[in-house]
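Each remark here refers to the structure printed beneath this line.
Note that these values count all heavy atoms, side chains included, but never hydrogens, waters or copies made by symmetry. The shown structure was predicted, so the numbers you read here are calculated from the model rather than taken from an experiment. Per chain, numbering begins at 1; letters A, B, ... match sequence-line order.
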Amino acid sequence: MKTLAVVVTTPPYSPLTVTALSYVETALVAGINVIGVFFYQDGAMHANENISIASDEYQAIAHWQRLQQQYQLPLHICITAAEKRGIACDSIDNEQINQAFTVSGLGELVELTTKATRLVQF
Amino acid sequence: MKTLAVVVTTPPYSPLTVTALSYVETALVAGINVIGVFFYQDGAMHANENISIASDEYQAIAHWQRLQQQYQLPLHICITAAEKRGIACDSIDNEQINQAFTVSGLGELVELTTKATRLVQF
Amino acid sequence: MISSDTQIEDNLSQQNGLAIINSKAPFSSDYGKDALDVALIFGSFEQKVSLFFQGDGVYQLIADQDATLVSIKDYLKTFSAFEFYDIEDIYVCQQSLVNRQLDEAFHINDVQVLASVEFGKALNSHQHVLRF
Amino acid sequence: MISSDTQIEDNLSQQNGLAIINSKAPFSSDYGKDALDVALIFGSFEQKVSLFFQGDGVYQLIADQDATLVSIKDYLKTFSAFEFYDIEDIYVCQQSLVNRQLDEAFHINDVQVLASVEFGKALNSHQHVLRF
Amino acid sequence: MSTLHLVRKSAFTTNDFAQCLSVLDQQDSIVLMDDGCYNLKHPLMDSLIKRANSTISINVISNHAQARAIETLAVVKQIKMNDVVELTFTHQKVITWQ
Amino acid sequence: MSTLHLVRKSAFTTNDFAQCLSVLDQQDSIVLMDDGCYNLKHPLMDSLIKRANSTISINVISNHAQARAIETLAVVKQIKMNDVVELTFTHQKVITWQ
C-alpha cells in the first residue's frame, strides 16, 4: 500500500498552508494512507492554542484539526521548533498546545520518512 | 534633538535580530534619543514570554529587556501581529507577555514615525 | 554634528510623510496585508502616506485577480478604499511590469506608472520609508 | 494505479535514504541549523542521509568563517561530526561556487564538488528529498 | 528515478526555480503552484520549453494561476490538486522548491 | 535628499539588491550588512563600481563580512555599527532592503 508523509514548514498565518491542507485532504479523500504530518520550523506554530486569526480569514488550524478528527490523521509538532517559537511543551496538562497535535521529537520525522513511500514538503 | 524610531520585523530566533540589537544599542550609547522600537510582523514574537532558546545561543529577548531597563527604551509589540502568532493579549495580568514589552496598536507606529527624525527598519 | 540646514530640509521633506514599498506578491505571504494595514492606519490618522509597488509587489495591483479561488480573504479589494483614506500617491515601477510581461491594467484607478529614475525620485521625496 | 514495477524500484532506491538540500546562507536564518538537526537525527538512527549544498547554501561549507564575530553560535563547527554519524555523502554544486567566486576550500573534508548534471544525478539516486 | 518538482516561488524574486531547472532530468515533471505560477511569464520558462527533444511535462495548478490572473501557455497542462496527488505516486520522489 | 540604503540580502538569492540599485541616487550611500556582504562578489557590484563619475559611497560592516569569510574590495569602505548610526543622521532617510 502506498503511504504518504508530509512535512509542513510554513506558519499557520501564511496563505501557503492552504495549499498544504488542500493537498493532504485531496490525498485522504483519494484513499491514500497519510501516515502523518510533521510540523517543523515555522510550521510548529500551527499547534499554538492561543493563535487568533480574524474570523473572516482562512482558519488553517481548524481545518487541520478537522482532518485529524475525520481521518485520525497524526499531526506531529517538533518540540524544539515549538519551544523556540513560544509554545511551552513541558507541562503535562498543557493549555497552550492545541489538542489535535502531538508533541514529538525529530525522531518521529525519521520514523515517518522511513515508513513512507513518498515524503512531500510544504 | 535627533530622534530615532526603529521597526523590527524579524523573529527573535533569527540571527538578524542581533544586527537590530547592535544598531539600537550603539545608537543609545552614542546618546541618540531612541523614542521607541516597534515590533511588527514576526518581530512581535519577541514578546512571547514562553520562548525558550537554548542557553548557548544568542539570547535576543534578554538583550532587548536589558536595553529597556537600562535606557527606559520603549518596546512596543503590535497586538494584531502578536495575536496572529499565538500571544494572547486580552487578559489584564498577562503571563504570556514579557513585561519589558508594551502591547500597542499600529497607531503607536504612526506616533513614533511622525515624532522621529529617522525611522529605521530591521 | 547636525547642521541647521539639514534640520530645515528635514522639516520641509516631512510634508511628504511615509513611503511604503511593496515588494512581495499578494497571495503567498502576509506582507501585502501587513503593509496595507500600516497604510490605512496612517491614512486614518490623517498622516501622509504614499504607496510604491516594485518587483513582485506589482502583482498586488494587477486586474482580474481572485484570491477566493485559493481560499484567501481578498485584501486587495480594500485598495479601493485608498481614496476614502486620502491615499492618493500610488506609484508602480514600469520596469517591474515590463519584466513580468504585465499590462498597465490595474484594479484601482490613478496608479502612476513610473520609469526607474522617476520611481526613485518619487521615493526620495519622502521623509520615511518602510518596505514590505 | 500503482504497478508492481514501481514498488520494486521504490524498495531498491530506498537504499539511498534521504537527501537534504541546503539552499540558504548560514548566518541569516535558522535554515542551516534546522537542516543540520535533521541530518544528525537521521545519522543517530542509523538512517542513510546525504547532504547537498546549492545556491547560497554553499556558503555553509566555506572555510575560515567565524559566526562568533556576529554573536551567533557556530553550528557550522558541528559539521565535523558528520563522520561520527556516518554521514559520508556531501555534495556541493560547482556552478554555485563559480557564480559566487568561491574557491573549493571547505571547513570539512570529503566534500564532493559536482557539475550540475552530476549533482542532479546524485540527488536523483535518493528516495526522499527535503530542502531547507 | 523520475522526480516530481513542486515549484512554489516566483523566479522574478528568488533563484529557487533556476536551481530546480539545473537538476532537472528528462523523465521529470514540474508542477507550478502558488507563486510558482508567475514563472509562466519568466524567461527561464521560454528556455525550458525550447529545450530540444524535451520530454519534461510542465503543469500548473489552474486555480492557483487563475487566482493570480496569469494566463497559462498551451504547452503547459492545467491540472488540479487530485492530479498533483496522482503525480506524487507516478514519480519516484518529490522535491519542493520553496 | 540623500538616502542611506541598508542592504541585508544576498543578490545571488533574491532581487532586493537589484531593486535597491534601480532607485539609487548620486548622493546616496550603501551599507552592505548581514547577507548583503555576499554582494561584494556579485556582478551587480562590478557594474555599480564602474558607474561613471559615481559619487555613491559603498560601505560594508567589517565584522559581518569577516564572519562570512568574504574579502572586501579596496573601493568599499569598511565600517562598524557606530558608523551606521552616524550615517543614519548624515543622510535624510534610511531604506532597508531585506
Side-chain angles (χ1 to χ4, degrees), chain D residues 20-36 52-80 92-109 111 113 116 119 131-132, chain F residues 5-21 30-50 58-85 95-98:
Chain D
I20 296 177
I21 307 176
N22 288 280
S23 68
K24 303 284 190 295
F27 302 146
S28 56
S29 77
D30 273 2
Y31 278 77
K33 174 70 163 59
D34 291 339
L36 175 67
F52 290 78
F53 294 86
Q54 189 186 24
D56 275 0
V58 303
Y59 289 123
Q60 293 184 30
L61 290 175
I62 296 308
D64 301 323
Q65 298 184 80
D66 185 358
T68 61
L69 290 173
V70 284
S71 307
I72 298 170
K73 187 191 165 191
D74 207 340
Y75 73 91
L76 297 179
K77 288 198 172 130
T78 315
F79 281 24
S80 60
V92 60
C93 171
Q94 189 172 40
Q95 192 57 52
S96 301
L97 292 172
V98 170
N99 291 346
R100 287 162 186 76
Q101 304 182 39
L102 294 168
D103 296 330
E104 298 180 6
F106 310 115
H107 64 86
I108 49 168
N109 297 323
V111 174
V113 182
S116 294
F119 189 85
R131 183 168 178 269
F132 291 98
Chain F
H5 299 270
L6 305 181
V7 177
R8 306 185 80 190
K9 288 256 190 102
S10 161
F12 294 102
T13 287
T14 71
N15 69 344
D16 301 78
F17 187 46
Q19 287 178 26
C20 166
L21 296 183
I30 291 177
V31 175
L32 304 173
M33 58 203 294
D34 301 307
D35 282 358
C37 298
Y38 296 129
N39 299 341
L40 287 169
K41 302 286 184 182
H42 195 276
L44 284 171
M45 183 59 64
D46 299 338
S47 56
L48 172 63
I49 290 167
K50 281 174 197 153
I58 312 173
N59 309 272
V60 63
I61 299 186
S62 52
N63 63 315
H64 287 200
Q66 210 187 328
R68 289 166 176 79
I70 299 289
E71 279 170 52
T72 60
L73 310 170
V75 291
V76 174
K77 193 176 169 194
Q78 298 199 37
I79 63 170
K80 296 201 183 307
M81 200 53 93
N82 58 324
D83 300 309
V84 182
V85 171
I95 307 181
T96 307
W97 302 88
Q98 68 183 10

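- Side chains of D/Ser28 and F/Asp34: no donor on one and acceptor on the other come within 3.5 Å.
- Using non-hydrogen atoms only and a strict 4.5 Å limit, the part of residues 63-71 of chain F facing chain D consists of F/Asn63, F/His64, F/Gln66, F/Ala67, F/Arg68, F/Ala69, F/Ile70.
- Ranking D/Val70, D/Leu102, D/Asp74 against chain F, the residue ahead of the rest is D/Val70, based on heavy-atom pairs under 4.5 Å.
- Here the closest heavy-atom approach between residue D/Asn99 and residue F/Phe12 is recorded as O-CE2, 3.3 Å.
- Residues from residues 36-46 of chain F that place a non-hydrogen atom less than 4.5 Å from a non-hydrogen atom of chain D comprise F/Tyr38, F/Lys41, given in numerical order.
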